[in-house]
Asks: 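Sending over a structure as structure tokens; questions will come in a sec.
Read the numbers this way: they start at 1 and go in the same order the structure lists the ligands and their atoms. Here the structure is a predicted model, which means the values were calculated and not measured.
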Amino acid sequence: MPTVLEDCGKAGVKYAIVHTAGFKEVGEEGLKLEKQIVEIAHKYGMRIYGPNSQGIQNSDPEVSVYANFTFVPMKPGNISIVAQSGGVGETLKLHLHRIGMGMRMYASFGNEADVSMNEIIDYYGQDDETKVIMVHIETIKDPAGFLEVANRVTRKKPILVVKTGRTKEGVTAVASHTGSLMEQDTLADAIFEKSGVLRFDSQQEMIDAAIALSTQPVPKSENIVIVTNTGGPGIIAVDECISAGLKLAKLSPETGKALGELLFSEAIVSNPVDVIATAGAKEYGGTVEALLKDPNIDSLILNFVTPPFVDCEAVAQKLGEIGAAAEKPIICIILTIEERWGEVIRVIRKSGIPVFDFAESASKALAAMIKYGKIQRREAPDYPKYDCDKKKADEIIGRYRGQERFLPQADVFDLLHTYGIPAVKTVRVEDKSQLKKAAGALTYPLVLKVDAEEVVHKSDAGGVCLNLKDEKALLAEFDRMASEFKKYKPGFVVQEQQTEGKEVILGAKDSPGVGPMLMFGLGGVFVETLKDVQFRLAPLSKQDAAGMIESIKGYPILKGTRGEKPADVECLVEMLGRLAQLTVDFPEIDEMDLNPVFVFETKKGARVVDARLKVKKPE
Ligand code: ADP
Ligand code: MG
């Protein structure tokens, strides 16, 4: 291999696609060889694509490249595919080929030794003929680069992703909740969320959405209408659409009137519109035309069963004509026997309307389109800049800079103070002589906690004592803890006892390359057992923070159920924003847990009760 590349370099070759396997993927020796071929290539100004790669295809008639070694041909189209696995890539191509769809470009990049996935996505983004990008990812080699490229490209065109590796194998063993809840895949999700990439669980769902997005305009809102000539599938479509967050539009009075005049008396003129099985081209087509004119409606799902007593080809012809000229997206579900009514499917597809077999697939595809519409319309985020005492914060963190350790709790509380994050009054005490003075500045009942680096989960170790009513109780408890934790030579903190609010957790964890990832969830058992938490990459806009809070399953608990007053979510939004700012300002913060934070009723704020912070050595 090295000699071949040397020869290529000398001959002035600019790009080499290396299909050959036996590099990084086989171990140490392979990795060495891989580095060597990249070095050789760069010496001659040559780029390497691969190795261990399946290659590329380009269907542009002006280019027409087949530098690949599999069997699925590509006719011109507007979907481009980049797949880490050639096998997955071929599966996607095969499906498009089977239904007669074209494709624009294809790339399966293998080991990514030189030319990267991010560069390929960037290139597809700049290619005017590519309308939709489908991506299969196993690992994101350069998350920061991906974030930057995807952010740019998704403003212009949708990026659809299937990422494998959802399982828990990537969990890192860390002491904080934020760290251990952050499975490897969470980072990918946060990157996709931030950059507006649409992630799918299955190849099938991704491809359905790609087909719809590549053939139809992007919906302007979530207001849809469903038209059917048979009951059941229409209802499934309703269920699917509603659970995907779409809305059944209310037909305008004009539409209602037009359909009332057009359709048979048994028809149902509401949403879903049931034109009934006897509807022919005039009735079905006329209905779609009327609905397209309705300003309350932004996309249409048509369910069509081919009844033997109707001229189905005529219906298809009519729908095709309407679909080709429509400015709102239309998606079709056709239930038929291809041997008899194959023409119906062909005619409709030819007009550009995507055709699906199941109401579920059509509804999910439309939901993905609507989600992309929202992403495309979203305003550039406005990151708030909170007033903070950065200098003081730097002094505190500076004491531990260069070490890898948890900070004493009192320092963490001081730090929270410098960034305006409200916390319960906390005083550090080294020995008994300081206890009285500390207590004097606080109001009983008090809480005593051990403060030692070795005791990470304090209450498990008997290091938290609540509800100390007077000095006598405080002193007695101090003696007990001092003797119990003697071997750690600990300090202590005394806190005011906080009247109980709802317990939530706020956290942050540094992710190499992309910076801090913020976490929000309900505290206590909800964190431990249900893992009901949300992650977002910093910085956080107010919408990001509010979105995190609203996305947890337990959100109704915060909103208040059964006459309970709602919690002060506004305060939590600001706390998350301030925490994000703190962790962005100080990259040496490895992980941080505010657990629990007590949140009170609206306008009454929230308070951090326990805080943990670990700094790391500079890389
Ligand atoms: P750890 O998480 O290390 O076990 P915490 O400081 O979180 O220790 O204390 C354990 C629990 O005790 C908290 O989850 C909270 O319910 C309660 N608690 C701790 N400090 C206070 C306080 N100042 N006021 C009221 N409750 C508290
Ligand atoms: Mg705690």
Asks: Check ligand 1 against His457 and write out every atom of the ligand that is under 4.0 Å from a heavy-atom position of the residue.
Replies: 3 (O)

Asks: Minimum distance, heavy atoms only, to atom 7 (O) of ligand 1: which one of Val494, Leu448, Asp610, Val597 is it?
Replies: Asp610

Asks: Flag yes if more than 12 heavy atoms outside Lys141 fall under 6.0 Å of its NZ atom; otherwise flag no.
Replies: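 Yes - once you tally the heavy atoms of other residues, nucleotides and ligands closer than 6.0 Å, there are more than 12.
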
Asks: Between the side chains of Arg607 and Glu496, is the shortest nitrogen-to-carboxylate-oxygen separation below 4.0 Å, so that they form an ion pair?
Replies: no

Asks: Show me which atoms of ligand 1 lie under 4.0 Å from any heavy atom of Val447.
Replies: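 Listed by number with element, the hits are 22 (C), 23 (N).
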
Asks: Of all the heavy atoms in Glu500, does at least one lie under 4.0 Å from an atom in ligand 1?
Replies: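 Checking ligand 1 against Glu500, which is what was asked, there is no heavy-atom contact under 4.0 Å.
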
Asks: Is Thr426 close enough to touch ligand 1? Criterion: a residue heavy atom under 4.0 Å from a ligand atom.
Replies: no

Asks: What do you reckon, is CD of Glu570 surrounded by more than 12 foreign heavy atoms closer than 6.0 Å?
Replies: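 No, the 6.0 Å shell around CD holds no more than 12 heavy atoms from other groups.
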
Asks: Return a yes/no value: protein heavy atom under 4.0 Å from atom 25 (C) of ligand 1?
Replies: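 Under 4.0 Å from atom 25 (C) of ligand 1, at least one protein heavy atom found.
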
Asks: Return yes when atom CG of Asp431 has more than 12 non-hydrogen atoms of other residues, nucleotides or ligands closer than 6.0 Å, and no otherwise.
Replies: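 Buried by this count: over 12 neighbours within 6.0 Å.
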
Asks: Heavy-atom contacts with Phe598 under 4.0 Å: which atoms of ligand 1 show up? List them by number with element.
Replies: 25 (C), 26 (N)

Asks: Flag the pair Asp394 and Arg401 as a salt bridge only when some basic side-chain nitrogen lies within less than 4.0 angstrom of an acidic carboxylate oxygen.
Replies: yes

Asks: Which bit of Leu466 is near ligand 1, meaning a heavy atom under 4.0 Å away: side chain, backbone, both or neither?
Replies: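 For Leu466, only side-chain atoms sit under 4.0 Å from ligand 1.
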
Asks: Quick one: which ligand 1 atoms are inside 4.0 Å of a heavy atom on Pro596?
Replies: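 Within the 4.0 Å cut-off of Pro596, ligand 1 contributes 7 (O), 13 (C), 14 (O), 15 (C).
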
Asks: Hey, what's the ring geometry for Phe478 with Phe492, parallel, tilted or perpendicular (30° and 60° as the breaks)?
Replies: tilted

Asks: Within rounding of 10°, what is the angle whose vertex is the Mg ion (ligand 2) and whose arms end at O of Asn595 and OD2 of Asp610?
Replies: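 Once rounded, the angle between the two atoms at the Mg ion (ligand 2) is 90°.
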
Asks: Looking at Arg152 and Asp122, is any side-chain nitrogen of the basic one under 4.0 Å from a carboxylate oxygen of the acidic one?
Replies: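 Salt bridge present between Asp122 and Arg152.
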
Asks: Taking distance alone, with N or O pairs closer than 3.5 Å, would you say Lys449 contacts ligand 1?
Replies: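 Between Lys449 and ligand 1 (N or O atoms, distance only) the closest approach is under 3.5 Å.
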
Asks: State plainly whether the residues Glu484 and Arg480 are in salt-bridge range, i.e. N to O under 4.0 Å.
Replies: yes

Asks: Going by an N to O cut-off under 4.0 Å, is there a salt bridge joining Asp451 and Arg428?
Replies: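 Yes, Asp451 and Arg428 are salt-bridged.
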
Asks: Can you name the closest pair of heavy atoms from Leu246 and Ile370 and give their distance?
Replies: CD2-CD1, 3.6 Å

Asks: For Glu503, is at least one N or O under 3.5 Å away from an N or O on ligand 1?
Replies: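 It does: an N or O of Glu503 is found under 3.5 Å from an N or O of ligand 1.
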
Asks: Which ligand 1 atoms does Gln497 reach within 4.0 Å, using its non-hydrogen atoms?
Replies: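 Listed by number with element, the hits are 24 (N).
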
Asks: Within ligand 1, which atoms have a heavy atom of Val456 less than 4.0 Å away?
Replies: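 In order of numbering, the contacting atoms are 3 (O).
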
Asks: Of the listed options (Asn595, Asp460, Val609), which comes nearest to atom 20 (N) of ligand 1 when hydrogens are ignored and any heavy atom counts?
Replies: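 When every heavy atom of Asn595, Asp460, Val609 is considered, Val609 comes closest to atom 20 (N) of ligand 1.
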
Asks: For atom 4 (O) of ligand 1, what's the nearest protein heavy atom and its distance?
Replies: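 Its nearest protein heavy-atom neighbour is Ser459 OG, 2.5 Å.
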
